[in-house]
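Below you'll find the structure, written out as structure tokens, and then a few comments.
What's counted below: heavy atoms across the whole structure, side chains too, no hydrogens, waters or symmetry copies. Numbering of ligands and ligand atoms starts at 1, following listing order. Everything quoted here is computed from the prediction, not taken from an experiment.
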Amino acid sequence: MKFSKLTEYFEKLEQTSSRLSLIDILAELFSKVKPAEIAKVVYLIQGRVAPFYEPIEIGMSEKLVAQSIARAYGVEREEVLREYGQVGDLGVVAQRHSGKQSASRIDSGQARMTITDVFKTLTEIAGTAGKGTVEKKLELLSGLLKQMDPVSAKHLVRIPLGVSRLGIGDPTVLDGFALAKLGDRKRRKELEEAYNKTSDLGVIAETLWSQGIQGVRSLDVTVGRPIRSQLAERLPDANTILEKFGGEAHVQYKYDGFRIEIHKQGQKVRLFSRNLEETTPMFPEIIQGILKQVKADSIILDSEAVAFNPESEEFLPFQETTKRRRKYNIEEMAKSLPLKAFVFDIMYLNGKSLIDLSLRARMEKLKKVITPDTVLLAQPGEFTKSVKRIIELFDDAITKGLEGLVCKRPDSKYEAGARNFNWVKLKRHSAGELKDTIDCVILGYIFGRGKRAGFGAGSLLVGVYDKGKDEFVTVSKIGTGLTDEEWREIKVKSAKFKVQSKPARVSSLITPSVWVEPKIVIEVLADEITRSPVHTAGKKGSEPGYALRFPRLVKFRGSDKHAEDATTVKELVEMYKLQFKK
Ligand code: ATP
């Protein structure tokens, strides 16, 4: 397919403000793409040349992209940057300059560039390293731009900048596959299992296109492709947990650090974060630990890494552990602030997926493969039928400075990507009033009057994620409690994601002064969850939705959570119900 055909669809996707029409446009596009190109189309829609978990970034700075535009169209870089200052989007600047070129100046390649050609060059840009990198990237991008029509130039430029504004979530892409290939978007469900096991939309598409739904069904867990994390629900107390589990629970401490999914194949170890980004280079001591202590040719483990002082047997608080999330001075940090990985699950062993085994059977296998040292088994790892024992272990955890417990259902499978009552977190305050925080997504801001107006914001419109619909729904306006410094930070962070109209995946009854693409996750504490007719979270028909009472910002979540990892409507409704179980 021609790249210009693809960007015609990008243009349509960008302009729609309804999620259902996003699916229709995607399905129409997908149905025209051949098996050899479908994975490339899927990655390009996400502004990438590889699945999310591959650390392949096309990564070019705004200045370098501006320079490429300047070179492609024979103008000064300063001129390009000046226009960028005015319109706020280098894509639009490229589109304008491309439009000014006389037809004869544009290379005759314009009509010929295929998706495969463009993908190849972008991959080359991503892979360029070492001496002369800057010049090479510049030459490659400007070379591509010379062969683009104006609309294609606009969308192309946004890719290396990481700001392609299509706003399409993975479930919506899956809806598109289902509609294009299975005739009904509701058949997305049949693709979800493969997605949770592989985290790779490209592989799913390629398989669906070449082998049909049977092929997708047989896609399985593989070393090197992160499995989507199983997540935990909340319940108020030990009694309720045992009741829910049918009488017995497997109890582990809840460690407060980074989740690390460990993949080992022979001597090669790769690590992935909670949101499936590769973190291998950050934690050399864990890699060493795995190589020395884990007896298996191939294995996938789920773990939480915490900074730990072995002499005093003290766990360090999350604020200490988090200092390890960095890209520089890694060896030094590994010495001064060593981590321990507490392994709490095993999903794959020596060529076989274990996710369909019971937790009890998985724990048996896990015990046999690890010789504890840097890598340890999650403690106490006890099976119990006693409420009293769970309470004891909970108190024990709190005394040790841990967050609480995660109780797991002994006969449950590892359900990739699921948040259900097979795992239940018991934190110190979950039995009392609302002490657990909520991860909200910034959806827009509303200009204030007076002092705050100077910073361009008076209150933030925030939402949570409706997983079933792949939509962001509003839950609160946050105005008080933010310092001027925080407002400034919000303004800087959201400038990149400002959009002209409501993004297609946002459902809101409130129209803010400025819409922001759902990208920035903040942790919010509120006094209570209440019902409210003005918010769309959990709103069905004329019934009220759910909202936060007295919300305040705790912190920015940083990069460990994507917008789709924010609190879901389902969780919010459950937290609402928990409030009455005191
Ligand atoms: P999420 O549930 O979305 O990860 P969160 O980051 O706010 O939300 P919590 O909900 O508080 O975290 O707790 C779940 C997290 O606890 C897991 O994702 C994992 O990182 C961590 N964790 C620590 N110890 C365990 C354990 N023994 N079993 C499972 N998860 C554990």
Side-chain angles (χ1 to χ4, degrees), residues 226-235 241 249-262 271-276 279 301-308 315 317-318 321-322 325 339-347 359 362-363 366 375-382 390 393-394 396-398 400-410 412 414-430 434-441 464-465 467 521-525 554-572 574-575 578:
I227 303 170
R228 297 186 78 79
S229 301
Q230 171 151 2
L231 302 168
E233 272 288 356
R234 302 171 181 81
L235 282 175
I241 293 175
H250 181 70
V251 183
Q252 299 172 338
Y253 290 142
K254 185 172 192 304
Y255 300 95
D256 194 14
F258 310 124
R259 189 162 186 167
I260 302 188
E261 194 176 300
I262 301 164
L271 309 176
F272 299 97
S273 69
R274 155 82 164 74
N275 67 9
L276 312 181
T279 51
L301 301 168
D302 209 345
S303 77
E304 184 87 357
V306 190
F308 180 79
F315 297 96
F318 181 71
T321 305
T322 200
R325 205 197 294 275
L339 296 180
K340 295 270 182 192
F342 292 92
V343 178
F344 53 77
D345 220 314
I346 176 168
M347 293 89 102
L359 177 91
R362 297 199 307 276
M363 292 302 113
L366 181 58
V375 179
L376 298 153
L377 292 174
Q379 297 299 310
E382 205 175 295
I390 297 181
L393 291 172
F394 179 77
D396 200 28
I398 300 299
K400 287 191 159 82
L402 298 164
E403 259 195 305
L405 302 176
V406 185
C407 298
K408 301 180 178 178
R409 199 184 163 105
S412 63
Y414 188 98
E415 282 189 56
R419 188 191 294 279
N420 57 30
F421 288 99
N422 286 338
W423 289 14
V424 175
K425 52 192 172 193
L426 198 55
K427 292 205 216 175
R428 182 164 216 164
H429 296 293
S430 49
L434 197 65
K435 283 284 166 54
D436 206 358
T437 53
I438 295 165
D439 291 322
C440 294
V441 186
V464 291
Y465 183 52
K467 198 173 173 193
V521 181
I522 56 173
E523 197 176 328
V524 175
L525 191 65
V554 178
K555 66 170 192 292
F556 287 94
R557 279 296 308 221
S559 61
D560 70 325
K561 283 209 171 178
H562 292 143
E564 288 79 5
D565 298 320
T567 299
T568 60
V569 170
K570 190 165 157 263
E571 280 179 90
L572 192 74
E574 263 146 21
M575 289 167 90
L578 270 181

Where Tyr253 and Asp396 come nearest, the two heavy atoms and their spacing: OH-OD2, 2.7 Å
Phe258 and Phe318 aromatic ring geometry - parallel, tilted or perpendicular at 30°/60° bounds: perpendicular
Pair Lys254 + Glu304: basic N to acidic O under 4.0 Å: no
From Asp345, Asn422, Asp302, residue fulfilling side-chain hydrogen bond (donor to acceptor under 3.5 Å, both in side chains) relative to Tyr414: Asp302
Qualifying residue, where the test is salt bridge (Lys or Arg N to Asp or Glu O under 4.0 Å) with Glu233 and the options are Arg409, Lys570, Lys408, Arg419: Lys570
Residues that Glu564 engages under salt bridge (Lys or Arg N to Asp or Glu O under 4.0 Å), provided they are two or more places apart: Arg505
Set of residues that line ligand 1, where lining means a heavy atom lies under 4.0 Å from it: Leu231, Gln252, Tyr253, Lys254, Tyr255, Arg259, Arg274, Glu304, Phe344, Val406, Lys408, Arg419, Trp423, Lys425, Lys427, Arg557, Lys561
